[in-house]
Amino acid sequence: MRIVLGVGGGIAAYKVASLLRLFTEAGHNVTVIPTEAATRFVGVATWEALSGNPVSNSVFDDVHQVNHVRLGHEADLVVVAPATADLIARAAAGLADDLLTNTLLMARGPVLFAPAMHTEMWHNAATRANVETLRGRGIAVLDPASGRLTGTDSGPGRLPEPQDIFDAAIALTQGQSDYQLPLAGRTVTISAGGTREPLDPVRFLGNRSSGKQGVALAVAARNAGATVRLLAAHMDVPAPAGVEVVTVETALQLREAALAAAADSDVVIMAAAVADFRPAEISDTKIKKRDDTADPIITLIRNPDILQELVEVRGMSRRSQLIVGFAAETGDGHGDVLAYAEAKLKRKGCDLLVVNHVGTDKVFGQDTNSIVILARSGSDPQLASGTKSEVSAAIISRIGLELNHVSPRA
Ligand code: CTP
């Protein structure tokens, strides 16, 4: 395919180098047309080297070739990323004051805009009207992703991930003009890491969860366009940018945070390793070893099952919400991993159960993973394996399908 990649003057222009790579590696011939402002962020030499084609932003270069007519006519697809508020306004007004806007007016094939700007600019009435104008003319304008923006602010306005823009662009050329990021407009709450149940001020009962899977899920959900809340129990890895983080320590704190967050979430994913039991008593002072007393005995009491409670609360409130549980199973002499997982899915009543096969050397803290997704609806178990990011992308994509009531591909 011949693709024109228009680059707007925003800091996210640097991410478009990865998008260009995705296009060229897929065998497409890409001509990059940066705006004047874009060249202040990424130089022409970078675009020429990565695309293998000459780069210009003026209608007065190579005038004998009438570039704006040729490029616009020949392009099978025009992608504009980052589409700044200014560029969207100029396109909506039909201006033709540089090579990119001229080319847009000449384009005969599908056109995709991937916006990036501060949240206030995206919500501004002028931008809203301009986006509606473009959409009304059949131009596909993606919703920006939510998350950390250039300054200290965060919210909708991030450039969607290069892979998502690539997918949207390819979908557009296949006639799917209504393509949207799969979780655009959805709120997803994800618990991650392992809870810690204190015994005294210095000791706790914990588990081996690193939080890597939950964090990878948060990244995948964020990249799929969702607003993400991460309920972070103890984690060995930092929380990703662009998600709201609520820090918890114990199962009881996680329960409170999860019930509050679930109230306005479209999806709740319980990826945290929650302690099933906690010490019946927490000593206010450090428990000392004393020669004159017997060794201490720790009495444990049961923690509430948060996943089960989320399902019950959803049932009572009748809200539509997708609830996803994780099952860490080892299998034993009484049953294999899948048999235990199927029983757990029934017992907990969640919609999807992601099953991990665990052992001290498997899953916990590792970077790769192999899972099975079981569905309450009874569809066939779905397998996924790879890095925790790849597995997370598969889980998030399955969640997108479930939200749209689409059967997973075999
Ligand atoms: N979970 C929860 N609250 C708990 C324990 C677990 O919400 N008190 C959630 C986990 O986040 C996970 C799922 O339930 O999504 C399964 O947890 P797991 O520990 O594997 O199952 P258990 O319910 O503990 O069952 P068993 O002890 O029989 O393995």
Side-chain angles (χ1 to χ4, degrees), residues 188-198 204-218 221 229-235 246 248-262 265 267-280 300-315 321-360 362-364 369-376 388 391-392 395-396 398-399 402:
V188 178
T189 292
I190 302 170
S191 70
T195 63
R196 289 179 161 184
E197 309 297 328
F204 58 83
L205 297 179
N207 60 62
R208 292 179 192 273
S209 175
S210 64
K212 281 183 183 170
Q213 182 71 75
V215 165
L217 280 164
R229 277 195 209 116
L230 184 69
L231 311 182
H234 174 76
M235 308 198 303
V246 179
V248 297
E249 188 183 0
T250 64
L252 291 181
Q253 288 169 0
L254 178 56
R255 170 183 175 272
E256 205 171 306
L259 290 173
S265 293
V267 180
V268 184
I269 306 175
M270 283 296 296
V274 187
D276 287 322
F277 304 98
R278 67 179 183 277
L300 298 176
I301 53 172
R302 214 171 248 261
N303 271 328
D305 190 314
I306 305 168
L307 183 58
Q308 221 162 358
E309 206 170 332
L310 287 167
V311 172
E312 282 162 18
V313 171
R314 175 187 64 179
Q321 182 177 66
L322 193 85
I323 301 181
V324 183
F326 268 69
E329 301 288 352
T330 58
D332 59 23
H334 300 287
D336 68 10
V337 170
L338 265 192
Y340 275 130
E342 266 158 17
K344 191 172 287 181
L345 176 65
K346 283 208 180 72
R347 193 167 68 242
K348 303 229 181 194
C350 52
D351 304 290
L352 296 177
L353 189 72
V354 180
V355 187
N356 274 314
H357 185 185
V358 295
T360 48
K362 294 195 187 81
V363 178
F364 288 123
N369 205 355
S370 170
I371 54 136
V372 182
I373 305 175
L374 299 182
R376 191 162 57 108
K388 285 189 175 174
V391 164
S392 298
I395 296 168
I396 292 299
R398 173 66 184 269
I399 287 171
E402 292 284 330

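Start at 1 and go down the list; that is how both ligands and their atoms are numbered. Predicted model only: the values in this text are computed from it and were never measured.
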Counting N and O atoms only, with roles assigned by atom type, does the side chain of Ser191 sit under 3.5 Å from a partner on the main chain of Ala271, one being a donor and the other an acceptor?
yes
Just by modelled atom types, is the Ile323 backbone N or O under 3.5 Å from a matching donor or acceptor in the Asp351 side chain?
yes
Non-neighbouring partners of Asp276 that pass side-chain contact (heavy atoms from CB on, under 4.5 Å), sequence neighbours left out
none
Which residues satisfy the side-chain contact (heavy atoms from CB on, under 4.5 Å) test with Asn303, sequence neighbours excluded?
Glu197, Ala251, Leu252, Ala275, Arg278
Glu342/Lys346 ion pair, N-O < 4.0 Å
no
Any pair with a residue in residues 250-262 that passes side-chain hydrogen bond (donor to acceptor under 3.5 Å, both in side chains), sequence neighbours left out, goes on the list, sorted by first then second residue, please.
Arg255-Glu309
Tabulating one pair per line, provide the atom names and distances (0.1 Å) for every N/O atom of ligand 1 that is less than 3.5 Å from a protein N/O atom.
from: ligand 1; atom 1: 3 (N); to: Ile306; atom 2: N; distance (Å): 3.0
from: ligand 1; atom 1: 7 (O); to: Ile306; atom 2: N; distance (Å): 3.3
from: ligand 1; atom 1: 7 (O); to: Leu307; atom 2: N; distance (Å): 2.8
from: ligand 1; atom 1: 8 (N); to: Pro304; atom 2: O; distance (Å): 2.9
from: ligand 1; atom 1: 11 (O); to: Met270; atom 2: O; distance (Å): 3.3
from: ligand 1; atom 1: 11 (O); to: Ala272; atom 2: O; distance (Å): 2.8
from: ligand 1; atom 1: 14 (O); to: Lys348; atom 2: NZ; distance (Å): 2.7
from: ligand 1; atom 1: 15 (O); to: Met270; atom 2: O; distance (Å): 2.7
from: ligand 1; atom 1: 15 (O); to: Phe326; atom 2: N; distance (Å): 2.8
from: ligand 1; atom 1: 15 (O); to: Phe326; atom 2: O; distance (Å): 3.2
from: ligand 1; atom 1: 20 (O); to: Ala328; atom 2: N; distance (Å): 3.2
from: ligand 1; atom 1: 20 (O); to: Lys344; atom 2: NZ; distance (Å): 2.8
from: ligand 1; atom 1: 21 (O); to: Lys344; atom 2: NZ; distance (Å): 2.8
from: ligand 1; atom 1: 23 (O); to: Lys348; atom 2: NZ; distance (Å): 2.6
from: ligand 1; atom 1: 24 (O); to: Asp276; atom 2: OD1; distance (Å): 3.1
from: ligand 1; atom 1: 24 (O); to: Asp276; atom 2: OD2; distance (Å): 2.7
from: ligand 1; atom 1: 25 (O); to: Lys344; atom 2: NZ; distance (Å): 3.4
from: ligand 1; atom 1: 29 (O); to: Lys344; atom 2: NZ; distance (Å): 3.0

